[in-house]
Amino acid sequence: MRVLVVEDERVLADAIATGLRREALAVDVAYDGGGALERTSVNDYDVIVLDRDLPRVHGDEVCRRLVAERYPARILMLTAAGELTDKVEGLSIGADDYLPKPFAFAELTARVRALGRRAAPPLPPVLERSGVTLDPARREVTRQERPVELTRKEFAVLEVLLSAEGAVVSSEQLLEKAWDEHIDPFTNVVRVTMMTLRKKLGEPQVIETVSGVGYRL
C-alpha cells in the first residue's frame, strides 16, 4: 500500500510517515497543499492522510480537486477541527474518513489499512494463497502454518503479490507500491528483496518469475 501524508507541521508529518513505514507501508510526505497536488499528478496512492489547514492550497480544496478528477485514492482527513459540524463538512466535500487530533497512532494505522482495502477491489483482511498466509493487522506471515519472519520491505512485497491474486506484478509496480518516491528506478532492490523473500518462504518455491514481465505468486 502506498500512502501520501500531507501535513504542514513537519515534525508531526515525519513522525506519522516513520510510524507508517514501520507498518510496512510505502509513504511519501508533502508539507503543503500544492505539494500534495504535485505528487498526486505523478504518483498513484492508495490512501492520502490529509490535514485541512494547509498553506498554498487549503486541504479542503485539495480534497475537492482530487474528487473532481476522480483520483482513486481514499482520503483520511486528519485535523484539529474535531467538532461534529467540521466532520460533516469534511465528509461532504469528499473525504472518506475523518480523524481529529490528537489521535492514537494505532487507530490511525487501522483506519489507513481499512481505507486501503477499499481503494482497490475488496480483499479479505487476511491474505492467503498457495499455503502462504499474511495478516496485515498483526504483521504475521505463515507458510503451511510455519511462522515466517520478514523485514518490512519483504512483508510489503509479499502483501502486493498476494493482493494481486495470481496476476503478474511488474518490478515497476512493486517499486510503486512497496517503496517511496526516493527510490532509484534503476536499482536492483526488487530482485534482491525477492531473493531473500523466496529463501525465507522456503521450498517448494511459490513465487514465479515471468521472464520480461515480473513476478507471480
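Of the N and O atoms on the side chains of Asp14 and Tyr31, at least one donor lies less than 3.5 Å from an acceptor on the other residue. Using modelled atom types and a 3.5 Å distance limit, the side chains of Arg191 and Thr209 yield no donor-acceptor pair. Between the side chains of Asp44 and Tyr71, no donor-acceptor pair is found at a separation under 3.5 Å.
No side-chain donor-acceptor contact under 3.5 Å links Glu172 to the backbone of Leu175. In this structure a side-chain-to-backbone donor-acceptor pair under 3.5 Å is missing from Arg21 to Ala26. Arg143 places a side-chain N or O within donor-acceptor distance of the main-chain N or O of Gly202, the cut-off being under 3.5 Å. Between the side chain of Arg129 and the main chain of Leu161, no donor-acceptor pair closer than 3.5 Å is present. A distance-only check finds no donor-acceptor pair linking the side chain of Arg39 to the backbone of Asp28 [under 3.5 Å]. Between the side chain of Lys153 and the backbone N or O of Ala24 there is no donor-acceptor pair closer than 3.5 Å.
Looking at residues two or more places apart in sequence or on another chain, you find a salt bridge (Lys or Arg N to Asp or Glu O under 4.0 Å) between Arg138 and Asp135. Here Glu208 pairs with Arg216 under the salt bridge (Lys or Arg N to Asp or Glu O under 4.0 Å) rule; sequence neighbours left out.
The minimum heavy-atom distance linking Gln173 with Ser170 is given by the pair OE1-N, 2.8 Å.
At most 12 heavy atoms of other shown residues, nucleotides or ligands fall within 6.0 angstrom of atom CZ in Arg22.
The distance from atom CG of Asp46 to atom CG of Leu25, rounded to the nearest 0.5 Å, is 9.5 Å. Separating the CG atom in Leu66 from the OH atom in Tyr45 is a distance of 11.0 Å, to the nearest 0.5 Å. To the nearest 0.5 Å, the span separating OG on Ser171 from OH on Tyr215 amounts to 4.5 Å.
Cation-pi geometry between Arg139 and Phe155 is satisfied (NZ or CZ under 6.0 Å from the ring centre, within 45° of the ring normal).
When the side chains of ILVMFWY residues are joined at heavy-atom separations under 4.5 Å, either directly or via intervening members, Met195 and Leu217 end up in two distinct hydrophobic clusters.
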Only distances under 3.5 Å count here; give the side-chain donor-acceptor pairs of residues 54-63 to other protein atoms, sequence neighbours excluded, each with its distance to 0.1 Å.
{"unit_1": "Arg56", "atom_1": "NH1", "unit_2": "Asp32", "atom_2": "OD1", "d": "3.1"}
{"unit_1": "Arg56", "atom_1": "NH2", "unit_2": "Glu38", "atom_2": "OE2", "d": "3.4"}
{"unit_1": "His58", "atom_1": "ND1", "unit_2": "Arg52", "atom_2": "O", "d": "3.2"}
{"unit_1": "His58", "atom_1": "ND1", "unit_2": "Asp60", "atom_2": "N", "d": "3.0"}
{"unit_1": "His58", "atom_1": "NE2", "unit_2": "Arg52", "atom_2": "O", "d": "3.3"}
{"unit_1": "Asp60", "atom_1": "OD1", "unit_2": "Arg52", "atom_2": "NE", "d": "2.8"}
{"unit_1": "Asp60", "atom_1": "OD1", "unit_2": "Arg52", "atom_2": "NH2", "d": "3.2"}
{"unit_1": "Asp60", "atom_1": "OD2", "unit_2": "Arg52", "atom_2": "NH2", "d": "2.8"}
{"unit_1": "Glu61", "atom_1": "OE2", "unit_2": "Arg65", "atom_2": "NE", "d": "3.1"}

List the steps, then state whether salt bridge (Lys or Arg N to Asp or Glu O under 4.0 Å) holds for Asp97 with Arg111.
-> CA-CA 8 Å; Asp97 200 357; Arg111 287 175 181 255; 2.7 Å; yes
From CA spacing to verdict: salt bridge (Lys or Arg N to Asp or Glu O under 4.0 Å), Lys200, Glu154 = CA-CA 10 Å; Lys200 291 182 178 182; Glu154 291 163 354; 2.8 Å; yes
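A salt bridge between Lys101 and Glu7 is present, with a side-chain N of the basic residue lying under 4.0 Å from a carboxylate O of the acidic one.
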